[in-house]
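Quick note: residue numbers are just sequence positions, from 1. The figures that follow rest on heavy atoms only: side chains count, while hydrogens, waters and symmetry mates do not.
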Amino acid sequence: MHVVIVYNPGSGRGRARLLAEEAAGALRGAGHSVEEVAIERERSDRVLGGRLGGAHALVVVGGDGTVRWAARAAAESGAAIYQLPTGTENLFAREFGMSACVGRMLGAVEAQRVRTVDVGVCNSRRFLLMVGVGFDAGVIQRLDSARRGAIRHRSYTLPIMREAVRPRLGPVRIEVDGREILRGDRGAVVVGNSRHYGGRLNPARDAAVDDGELDVVFLPGATTLGIARWALLARFGRHVPRGDRNGGGAVYVRGKQ
């Protein structure tokens with residue numbers, strides 16, 4: 001069968017390139033045809049899509065950002081994704097029990113046991129895991145604007161500190177399937193397609209990638225301290241029961257839009 005390997009050369013401090021080479025060697029050794037694409041050179045997902053015609057699988061070597069970058073082309077071509085994780089959190093791989101073991105990847109590609117999952121859309125851009133606004137989104141924005149090369153866990157330290165000093169926790173309005181859930185409350189919002197989240201906080205703890213719906217979580221807080229409290233509760237699964245709005249104002253609902 002034909003397999004396309006896409007990798008981020010900067011992921012894992014260069015480990016992604018080596019892992020991609022190892023994966024290509026294993027696949028060719030098993031009799032499969034392989035094409036390798038480095039996203040350092042090919043920035044357009046449409047360019048990747050043009051190479052997926054006839055591909056049985058797309059092996060993504062990198063982190064969750066690389067998976068998201070490749071998702072549109074994979075969805076349009078029908079090629080199944082397997083992630084060899086070299087990123088910081090690797091939430092997509094965690095969702096499906098994927099690992100950086102090349103032998104395990106080879107077995108999965110040859111078995112062709114494919115699972116169809118939902119793809120979310122936000123501002124005309126597709127996502128597989130989640131989108132959000134609030135403290136965490138502010139940290140990510142700060143990190144992305146200052147990014148120089150590979151990201152490690154300690155890369156988040158300075159963006160977190162800066163967001164803690166000047167948090168962007170404006171009032172939000174949430175509407176799910178045409179029904180207004182709240183208006184004007186300050187806090188953080190996570191719209192989860194997957195139950196997994198950075199730092200294993202998992203606010204959308206009941207989210208399923210193949211149920212045709214998104215889990216919408218609102219954690220109130222006008223200050224960094226308030227958000228930190230809810231993050232701690234989420235870490236232990238005590239932030240809010242699904243479908244209820246508790247006395248603290250947290251919300252957990254589910255819907256398609």
Taking all heavy atoms of G97 and all of R104, pick out the closest pair and write down the distance. O-NH2, 2.7 Å

Just jot down the side chain to side chain donor-acceptor pair (under 3.5 Å) partners of T86, sequence neighbours excluded, or say none. S11

Cluster check V67, F96: I/L/V/M/F/W/Y, side chain < 4.5 angstrom: yes

On a heavy-atom basis, which atom in H2 and which in S33 lie closest, and how many Å separate them? ND1-OG, 2.8 Å

Of all heavy-atom pairs linking N90 and G63, the shortest is OD1-CA, 3.8 Å

Can you establish whether the number of heavy atoms outside R200 located under 6.0 Å from its atom CZ is more than 12? no

Can you check whether Y252 reaches D215 side chain to side chain, under 4.5 Å on heavy atoms? yes

Check R183 with E175, please: is the shortest side-chain N to carboxylate O separation under 4.0 Å? no

I5 and L18: same hydrophobic cluster, using ILVMFWY side-chain contacts below 4.5 Å? no

Check R115 with D210, please: is the shortest side-chain N to carboxylate O separation under 4.0 Å? yes

Set of ring-ring contact (aromatic ring centres under 6.0 Å, His included) partners for Y197, sequence neighbours left out: none

In the structure I gave you, are the side-chain heavy atoms of Y7 and I39 within less than 4.5 Å of one another anywhere? no

Check whether V60 and V119 end up in the same hydrophobic cluster, where Ile, Leu, Val, Met, Phe, Trp and Tyr are linked by side-chain heavy atoms less than 4.5 Å apart. yes

